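Okay, structure first, notes after.
Keep in mind it's a predicted model, so treat the numbers as computed, not measured. When reading the values below, keep in mind they use all heavy atoms of this one structure, side chains included, and skip hydrogens, waters and symmetry mates. Naming: A, B, ... by sequence-line order, numbering from 1 per chain.
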Protein chains: 2
Amino acid sequence: MHVLTLLAVTPPGELLTSDRMAGSVNTNPVIIRRILGQLKKAGLVEVRAAAGGTYLRRAPAAISLLDVYRAVEVVDNRLFSMHDKPNPKCPVGRTIQAALEDTLTRAQTALEQQLAAVSVAQVAAGTGELVG
Amino acid sequence: MHVLTLLAVTPPGELLTSDRMAGSVNTNPVIIRRILGQLKKAGLVEVRAAAGGTYLRRAPAAISLLDVYRAVEVVDNRLFSMHDKPNPKCPVGRTIQAALEDTLTRAQTALEQQLAAVSVAQVAAGTGELVG
DNA sequence: TCGCATTGTAACTGGTATTGTTACAATAAA
DNA sequence: TTTATTGTAACAATACCAGTTACAATGCGA
């Protein structure tokens, strides 16, 4: 989100290098580049190797936090994970995973709906000035 | 949840040892005991050292998945965590965390509401038989 | 075409977390 | 007092993440 917000407040047509972004986040440029790779794979940004660097492929208002979450956060698209090998000889061990599945999916969906309702543009609008 | 479901389907008055529970989960008894320690601290179970082992302190219908989640899953009660030291000299770095705070809290709350709506008793009722 | 800023990625380190294991003192029921 | 059981320490193995260094590949601009 930090990276995308920086790109959102950059004038259209201007690019940002991983070096400059790393300065704002206060980390190493390679960390930024690894994240840019994920955002690029998700189609959110375009990265130009030679001059300039990175720009958004969509308007900030058209990128939801769910897009970002899916691009960088989720492992295998599942928020909750389970112990992989319960004992199949036990009635509970054999069926516990299926019994939890629906509830956990509903919980994850509720989370994602909230993320889908907010855009990078909205977050960017909340930055820059001191709060209160 | 596996541990609590086992306790929920155990006849009232009977206790379960960490050994038996480990058999169903297919893991080591010490792993179970570590989890029992968290559940005990949260007031969900009572553990008797000498004979028997563990039993529920509340009816399975009175234990929500949110109770369980809070007992074992959450680090510092926050689902999302942030990079700790953005650059305070950058307008975005200085304010990005506050700009995200509300949205992420709302998303976490939506998740927790879904977990609060389901009880251990309901999950236990879904185990034991084959689905479909 | 050449130079050069920049990316993409590999390799490595250090830190932290998790699972599983062994071992054993503490506990308390019978 | 005996005995089954817990609570916990210690340790190994594994995995993951942030950060760092290094360097080949890319492709823009002169």
Which part of the nucleic acid does B:Thr54 contact within heavy-atom distance under 4.0 Å: base, sugar-phosphate only, or nothing?
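No contact.
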May I have the distance from [X] (atom [atom1]) to [N] (atom [atom2]), rounded to whole angstrom?
X	N	atom1	atom2	result
B:Glu46	D:dT6	CD	P	13 Å
A:Ile32	C:dT9	CD1	C1'	16 Å
B:Leu15	C:dA30	CG	P	10 Å
A:Arg20	C:dA5	CZ	P	16 Å
B:Ile35	D:dT6	CD1	P	14 Å
A:Lys85	C:dT19	NZ	P	11 Å
A:Lys41	C:dG8	NZ	P	13 Å
B:Asn28	C:dG20	CG	C1'	6 Å

From the set [options], return the single nucleotide nearest to any side-chain atom of [X].
X	options	answer
A:Arg33	D:dA22, D:dT6, C:dT21	D:dA22
A:Val30	D:dG27, C:dA10, C:dT27	C:dA10
B:Ile31	C:dT19, D:dG19, D:dT26	C:dT19
B:Val47	C:dG20, D:dG7, C:dG8	D:dG7

Return all side-chain donor-acceptor pairs below 3.5 angstrom for residues 30-44 of chain A, not counting sequence neighbours, or 'none' if the list is empty.
{"from": "A:Arg33", "atom 1": "NE", "to": "A:Ser18", "atom 2": "OG", "distance (Å)": "3.1"}

Please check if any side-chain donor atom of A:His83 sits under 3.5 Å from a side-chain acceptor atom of B:Thr27, or the reverse.
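Side-chain D/A pair, A:His83 to B:Thr27: absent.
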Can you tell whether the side chains of B:Arg78 and B:Glu101 come within less than 4.0 Å, N to carboxylate O?
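Salt bridge: yes.
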Please tell me which of B:Thr17 and B:Arg34 maps to the more 5' nucleotide of DNA chain D, matching each residue to the nucleotide holding its nearest heavy atom.
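Closer to the 5' end of DNA chain D: B:Thr17.
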DNA chain D: 5'-proximal contact among B:Asp19 and A:Thr27 (nearest heavy atom)
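The 5'-side residue here is B:Asp19.
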To the nearest 0.5 Å, what is the distance between CG (B:Asp67) and OG (B:Ser119)?
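Reported value, rounded in 0.5 Å steps: 10.0 Å.
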Under 3.5 Å, side chain of A:Thr10 to main-chain N/O of A:Leu6, donor-acceptor pair present?
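Confirmed, A:Thr10 side chain pairs with A:Leu6 backbone.
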For D:dG7, take OP1 and OP2 only and decide whether either is under 4.0 Å from a side-chain N or O of B:Lys40.
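It does, given that an N or O in the side chain of B:Lys40 lies less than 4.0 Å from OP1 or OP2 of D:dG7.
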